[in-house]
Amino acid sequence: MTDLLAGLSLRDLETRNRIAVSPMCQYSCDPDGLATEWHRVHLGSRAVGGAGIVMTEATAVSPEGRITPHDLGIWSDDHAEALEPITEFIRDQGGVPAIQLAHAGHKASKERPWEGHVPIQPDETGPSGAAGWEVLSPSPDAYPPFDGDRPAMRKADAEDIEGVIDAYRAAAERSLAAGFEIAEVHAAHGYLLHEFLSPVTNRREDDYGGSFENRTRLVREVVGAVREVWPDDKPVFVRISGTDWLDDRESWDIEQSVRLADDLADLGVDLVDVSSGGLHPDQSISGGPNFQVPLAEQVREGADVAVGTVGGVTEPEQADALIRNERADLVLVGREFLRDPYFGLRATGDLERDPDAVAEAWPVQYRRATQR
């Protein structure tokens, strides 16, 4: 029986366990988007802490694709160079470095959460002195702001769409140069690709709106561009919102997610990372332990692709049960890794029966802590 501590094989990659650090925005760059010592310590400590996969926060493929002026970026060679020492350290600690490639769409140009998270207009500067910008949207008139005013936005035209695809392709090439082993395309949480997927925010009447095929076109083209430049021996992930949690209207739902996952598998995607929501302030979500797992299960049962689950996972035994009961192939842990950078080591200590294997999981510098 496969368990949480078993390796996950994807193409030529083998992870040390099935625990991944979920992408979590840190909003800790200067407005240049370059990785800092904060990112090196934040991501590196989770690798030391036993995670099998350590994934960056949503990393913007272009300056206008940032949520805030302080987001991590990968739109130049300088960005790749700043990330290279981090990927090297993660690998040295036994973890797999992964990057989430993202474009915030019409949720971009915001202040940081602790500064209010309200839009910054192009003629304004936020509390840190960083300027705002005009953001892209599939349908600007459909954007429902969560708080405050809408940012200045425009409808993405054909040139914009081609630019987004090219930006993802170039970002993947730079991510490879920086040493990442997994590239994840972010198509969830109300950001640009999710905005195109959902009929709530996509009211276009061209080849990128209307039917399921048209609304999923941009995601498929972005994934195709990433897979085209990502080596055949390395995996590509896609994060989706399994549902908009908007059952009272036509919206993105789990049935469409299953269908999309099958299409993504045909394009060479190796794992679909199933989250949910983030699109609209009317979403009705019931949280709690494992609250998103049923969505991952339905994708796993209905599509021929490996599946990751996330949300409300706080205990090693809980995560282990998800793998043992074949509810998911990978468990992505977010907030618990913020509370406990050594969650992976704690899981090994709680679940591994062999004391020698427990000790060997720890960095040699820390092994004295395993001796009683």
Side-chain angles (χ1 to χ4, degrees), residues 1-10 12-24 26 35-57 83-99 179-182 235 271 273 289-290 293 306 308-372:
M1 181 181 293
T2 302
D3 60 30
L4 186 69
L5 301 183
L8 177 63
S9 296
L10 296 168
D12 288 355
L13 181 71
E14 176 87 16
T15 68
R16 62 182 168 189
N17 57 44
R18 297 185 179 227
I19 306 168
V21 177
S22 190
M24 292 176 285
Q26 299 297 294
T36 67
E37 286 302 297
W38 177 269
H39 299 91
R40 185 171 184 173
V41 173
H42 167 67
L43 296 169
S45 63
R46 274 77 195 166
V48 170
I53 297 172
V54 180
M55 193 173 295
T56 68
E57 63 195 81
L83 287 161
E84 191 170 357
I86 298 175
T87 64
E88 182 178 355
F89 184 81
I90 292 170
R91 194 178 297 105
D92 286 347
Q93 304 310 309
V96 174
I99 186 167
F180 288 100
E181 300 289 337
I182 298 170
L271 183 141
D273 168 8
N290 294 347
V293 172
T309 191
V310 66
V313 178
T314 60
E315 297 298 332
E317 295 83 358
Q318 174 191 8
D320 187 49
L322 296 176
I323 302 299
R324 286 181 180 272
N325 294 324
E326 300 184 347
R327 304 182 74 185
D329 301 287
L330 180 71
V331 180
L332 294 103
V333 178
R335 296 183 187 186
E336 190 60 27
F337 258 121
L338 296 183
R339 290 184 284 264
D340 178 8
Y342 302 102
F343 177 84
L345 292 176
R346 176 155 63 91
T348 302
D350 289 354
L351 301 173
E352 176 60 66
R353 296 180 180 179
D354 182 353
D356 291 336
V358 172
E360 289 173 7
W362 284 69
V364 65
Q365 299 92 332
Y366 288 177
R367 283 182 191 169
R368 72 188 74 173
T370 67
Q371 299 168 357
R372 300 295 183 182

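In what follows, every heavy atom counts, from backbone to side chain, and hydrogens, waters and symmetry copies are set aside.
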### Task
Check side-chain hydrogen bond (donor to acceptor under 3.5 Å, both in side chains) between T36 and all other residues, then give those that pass, not counting sequence neighbours.
H39
## Note on the structure
Q26 meets the side-chain hydrogen bond (donor to acceptor under 3.5 Å, both in side chains) criterion, sequence neighbours left out, with W38
### Query
What pairs meet the ring pair (Phe, Tyr, Trp, His ring centres under 6.0 Å) rule with one or both residues in residues 313-337, with sequence neighbours excluded?
F337-F343
#### Entry: Of all pairs that satisfy side chain to side chain donor-acceptor pair (under 3.5 Å), the ones with a partner from residues 353-367, not counting sequence neighbours
none
### Query
With sequence neighbours left out, which residue pairs that include part of residues 322-335 fulfil the salt bridge (charged side-chain N to carboxylate O under 4.0 Å, His left out) condition?
D3-R324, E297-R327, R300-D329, D320-R324
### Task
State which residues pass side-chain contact (heavy atoms from CB on, under 4.5 Å) with S45; sequence neighbours excluded, sorted by chain then number.
P341
### Query
Excluding sequence neighbours, so at least two apart, what forms side-chain contact (heavy atoms from CB on, under 4.5 Å) with A361?
L345, T348
#### Entry: I53 CD1 to R16 CZ distance, which is reported to the nearest 0.5 Å
10.5 Å
### Message
I need the minimum non-hydrogen distance between T309 and A328, along with the two atoms involved.
### Response
CG2-CB, 3.7 Å
### Results of salt bridge (Lys or Arg N to Asp or Glu O under 4.0 Å) for E336 - residues two or more places apart only
R339, R346
### Task
Could you tell me the separation between the CD1 atom of I86 and the OG1 atom of T56, rounded to the nearest 0.5 Å?
9.0 Å
### Message
What I'd like to find out is whether the side chain of I19 reaches to under 4.5 Å of the side chain of V331, using heavy atoms alone.
### Response
no
### Message
Tell me whether N17 contacts the main-chain N or O of G50 through its side chain, where contact means a donor paired with an acceptor under 3.5 Å.
### Response
yes
#### Entry: salt bridge (Lys or Arg N to Asp or Glu O under 4.0 Å) involving E181 - partner list, sequence neighbours excluded
R91, K234
### Query
What distance separates I323 CD1 from L4 CG, expressed to the nearest 0.5 Å?
6.0 Å
### Message
Once rounded to the nearest 0.5 Å, what's the spacing between atom CE of M55 and atom CD1 of I182?
### Response
6.0 Å
### Query
Can you tell me if S22 uses its side chain to pair, donor with acceptor, with the backbone of L332 under 3.5 Å?
no
#### Entry: Note, T2 side chain near R18 side chain (heavy atom, < 4.5 Å)
yes
### R40 side, atom CZ; I90 side, atom CD1 - distance, nearest 0.5 Å
10.5 Å
### Query
Who pairs with D12 by side-chain hydrogen bond (donor to acceptor under 3.5 Å, both in side chains), at least two apart in sequence or on another chain?
none
### Message
Can you give me the closest heavy-atom contact between Q318 and G312, atom names plus distance?
### Response
NE2-O, 2.8 Å
#### Entry: Sub-4.5 Å side-chain heavy-atom contact between V313 and L322
yes
### Set of residues satisfying side-chain hydrogen bond (donor to acceptor under 3.5 Å, both in side chains) with respect to D273, sequence neighbours excluded
R239
### Closest approach of P97 to G179 (non-hydrogen atoms, all atoms of both residues)
CG-O, 3.6 Å
### Query
How many angstroms lie between CG in L338 and CZ in R46, if you round to the nearest 0.5 Å?
6.0 Å
